[in-house]
Amino acid sequence: MISLKHLIYLLVFWGLLLADAGAEPAIFVVRHAEREVAPAVGGDSNLSDAGRARAESLAKTLKDAGVAAVYATEFKRTQETAAPMAKAAGVNVTVIPAGDVATLAEKLRAGHRNALVVGHSNTVPEILKALGISTPVSLGESDYDNLFVVILNPIPYVLWLHYF
C-alpha cells in the first residue's frame, strides 16, 4: 500500500513532468518569507535573517522546476523573497500591485510558462481562486512555509506542499 507521503511525491513528480513536457504550466505560489519584527516606516519591511534563508531555500527547492517568470508585489518583502529564484532563473522580478490579482492571473494564463508568484497571507488565497482553484485556503500570520503548485489544465488543480 502506498503511503500518503509517497502519493504526494508521485503527484508532484508527474505534475512537474507534465508541466515541463509542454503541457499546461505550473504556477508556484508562496507567501513572502519572514519579515523583520519591527516594520519599516509605512509598513514596507525587509526580510529578517530567517526570511532571507527561507528565500534561498525556495530558490533551491525550485531550481530544476523550469521557472521562467517571477512575480512579486510592490512590497520589499515579496521582492526580496522572489530575488534568489529570479537570479537563479536569469529573469527579472515582475512587480504587480498586491490588489491587482485579476491582471496577475491573466498574465500567468497568457504566459504559458512555469512561474513563481510571491504574495501575502491575504492575497495568496485570492491568487489561487483567480487561477481557478476552489479549495478554500487560509494562511495565518506565522505561516511562511506553504508552497502551492497550481497546474493550469482546463480544470486547474493545486498541490499544497511545504518547504523549509
Side-chain angles (χ1 to χ4, degrees), residues 2-37 44-96 98 104-105 107-108 111-125 127-128 131 133 135 137-153 156-164:
I2 191 166
S3 72
L4 180 59
K5 181 178 178 181
H6 288 106
L7 178 62
I8 290 171
Y9 286 136
L10 186 61
L11 288 173
V12 169
F13 170 78
W14 282 108
L16 294 176
L17 182 64
L18 289 173
D20 194 45
E24 298 300 327
I27 309 300
F28 303 93
V29 183
V30 299
R31 178 191 180 197
H32 62 79
E34 292 89 339
R35 61 182 171 182
E36 291 177 335
V37 175
D44 193 10
S45 54
N46 293 307
L47 292 182
S48 66
D49 289 341
R52 285 188 289 281
R54 186 177 299 277
E56 291 292 336
S57 175
L58 177 63
K60 288 177 185 172
T61 299
L62 298 179
K63 72 178 181 166
D64 296 322
V67 171
V70 178
Y71 297 89
T73 69
E74 68 273 23
F75 296 98
K76 288 188 283 189
R77 60 191 174 271
T78 60
Q79 294 173 38
E80 290 175 4
T81 301
M85 183 68 246
K87 182 179 178 184
V91 299
N92 293 321
V93 176
T94 301
V95 176
I96 299 287
L104 172 62
K107 286 181 179 283
L108 292 168
H112 300 291
R113 55 192 175 166
N114 294 355
L116 169 65
V117 177
V118 183
H120 304 269
S121 61
N122 62 333
T123 62
V124 166
I127 293 165
L128 295 173
L131 292 174
I133 303 303
T135 305
V137 171
S138 177
L139 301 179
E141 282 303 311
S142 62
D143 290 336
Y144 296 103
D145 67 342
N146 294 284
L147 171 59
F148 300 93
V149 184
V150 178
I151 306 299
L152 291 180
N153 284 328
Y157 64 93
V158 66
L159 301 172
W160 188 345
L161 307 171
H162 298 274
Y163 74 103
F164 302 97

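It should be emphasised that the depicted structure is a prediction, and the values quoted were computed from it without experimental measurement. Hydrogens, waters and symmetry mates play no part in the numbers below; they use all other heavy atoms, side chains included.
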Straight-line distance of [X] [atom1] to [Y] [atom2], nearest 0.5 Å:
| X | Y | atom1 | atom2 | result |
| --- | --- | --- | --- | --- |
| H162 | Y144 | NE2 | OH | 15.5 Å |
| T78 | E80 | OG1 | CD | 9.0 Å |
| E36 | D49 | CD | CG | 8.5 Å |
| R54 | R31 | CZ | CZ | 10.0 Å |
| M85 | E56 | CE | CD | 11.0 Å |

(request) List the steps, then state whether side-chain contact (heavy atoms from CB on, under 4.5 Å) holds for V137 with W160. (result) CA-CA 10 Å; V137 171; W160 188 345; 4.1 Å; yes

Looking at every non-hydrogen atom in both residues, tell me the closest pair between [X] and [Y] and how far apart they are.
| X | Y | result |
| --- | --- | --- |
| T73 | G119 | CG2-CA, 4.5 Å |
| V93 | A82 | CG2-CB, 4.0 Å |
| A65 | N114 | O-ND2, 2.7 Å |
| S45 | K76 | O-CB, 3.9 Å |
| S121 | G140 | CB-O, 4.2 Å |
| R113 | A68 | NH1-O, 3.5 Å |

(message) Could you check whether any side-chain heavy atom of R77 comes within less than 4.5 Å of a side-chain heavy atom of D44, counting everything from C-beta outward?
(response) yes

Would a distance-only check, ignoring hydrogens and angles, find a side-chain to backbone donor-acceptor pair under 3.5 Å from [X] to [Y]?
| X | Y | value |
| --- | --- | --- |
| E74 | A98 | yes |
| T81 | A33 | yes |
| E34 | L47 | no |

Have a look at [X] and tell me which of [options] forms a side-chain contact (heavy atoms from CB on, under 4.5 Å) with it.
| X | options | value |
| --- | --- | --- |
| L128 | I27, T123, I133 | I133 |
| Y71 | I127, T94, L116 | T94 |
| L161 | D145, N146, V149, V30 | V149 |

(request) Evaluate the ring planes of F75 and H120, with Trp represented by its six-membered ring, and classify them as parallel (under 30°), tilted (30 to 60°) or perpendicular (over 60°). (result)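 Because their plane-to-plane angle is over 60°, the rings of F75 and H120 count as perpendicular.
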
(message) Looking at N122, I'd like to know if its CG atom is crowded, meaning that more than 12 non-hydrogen atoms belonging to other residues, nucleotides or ligands lie closer than 6.0 Å.
(response)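 Yes, the 6.0 Å shell around CG holds more than 12 heavy atoms from other groups.
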
